[in-house]
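To keep things clear, I will list the structure first and then write my remarks on it.
All ligand and atom numbering here is 1-based and tracks the order in the structure. No experiment lies behind these values; they were computed from the predicted model shown.
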Amino acid sequence: MDVIELLPRLHLLRFPVGQAYLWRDDGELTLIDAGPIGAGRPIADAVTALGHTPRDVRRVVLTHFHEDHVGGAGEFAALSGAEVLAHRLDAPFVRGERPGPEPRTEEWERPLHAAALRQLPPGPPLPPPSLTELSDGDVLGFGGGARVLHIPGHTDGSIAVFLPAHGVLFTGDTVAAAPADGTPVPGVLNLDRALLLASIRRLAELGAEVACFGHGDPVLSGASAVLRSLGAAPDQPTGTPASR
Ligand SMILES: [Zn+2]
Ligand SMILES: [Zn+2]
């Protein structure tokens, strides 16, 4: 796993498949997403290498239920005692009560979907010991007040997290950077692409400077303008595949 400093308070944790972000406030940490199955221990090691202890991580905020984002959440919660949070509509799948819905793949996305599934460790993930359910408009106690935005489309319970005090936005898989050249693109392998584009338009209005995507390199300046251009994409994509 690679650990990349993006800002003094923000690190990107990059796994062979999937990624997560670590936000640092004075004296406590917050993890955004938790990587695939098996990521719990490497995340704890990364936290230690950065001079903290896993217990300093107070919460794990999950952007949606897909396994490359929640796979390590239960493992890491068991190691750290961190609270795990997800939107209420994705919560049953994070808890492992039943499998989540498969994406409604376009023809061109099918090989991509198959490849994504092949790369993931066999499941199911260890469910978190408990799960706090989130709704649109919730404000979480980190990053100077972290706003939860319900942005359906990729999944029904997808969320973004925005830190107005820092201009930092976590988009989950609603936006990705294309693996080929790092260009930001609307997320793929969605339940509803039109809804996803409407969600991107909502994100574009936040005035974010930094946008951290579910896959690929973040945008570290001028994020709102980038999101505005993506939100204007056609409902039927011709575009570049990214990743689940
Ligand atoms: Zn993903
Ligand atoms: Zn996803």
Q: Determine which of the N, O or S atoms in His154 is closest to the Zn ion (ligand 2) and give its atom name.
A: NE2
**Q.** CG-CZ distance between Leu163 and Phe170, expressed to the nearest 0.5 angstrom
**A.** 5.5 Å
Q.
Using 2.8 Å as the threshold, say whether any N, O or S atom from His66 sits that close to the Zn ion (ligand 1).
A. no
Q: Return yes when at least one N/O/S atom of His69 is nearer than 2.8 Å to the Zn ion (ligand 1), and no when none is.
A: yes
Q | Listed once per pair and sorted, the side chain to side chain donor-acceptor pair (under 3.5 Å) pairs that draw on residues 155-164, sequence neighbours left out | A | Asp90-Thr155, Thr155-Ser158
Q: Please list all pairs passing the side chain to side chain donor-acceptor pair (under 3.5 Å) test where one or both residues lie in residues 14-23, with sequence neighbours left out.
A: Arg14-Gln19, Arg14-Asp217, Gln19-Tyr21, Trp23-Asp25
Q: Answer yes or no: is there an ion pair linking Arg202 with Glu205, defined by an N-O contact shorter than 4.0 Å?
A: no
**Q.** Residue Asp68 atom name (nearest to the Zn ion (ligand 1); N/O/S)
**A.** OD2
Q: Quick one: do Arg95 and Glu133 satisfy salt bridge (charged side-chain N to carboxylate O under 4.0 Å, His left out)? Show the steps, please.
A: CA-CA 11 Å; Arg95 283 194 291 258; Glu133 296 192 6; 3.0 Å; yes
Q) So does Asp173 have any N/O/S atom less than 2.8 Å away from the Zn ion (ligand 2)? A) yes
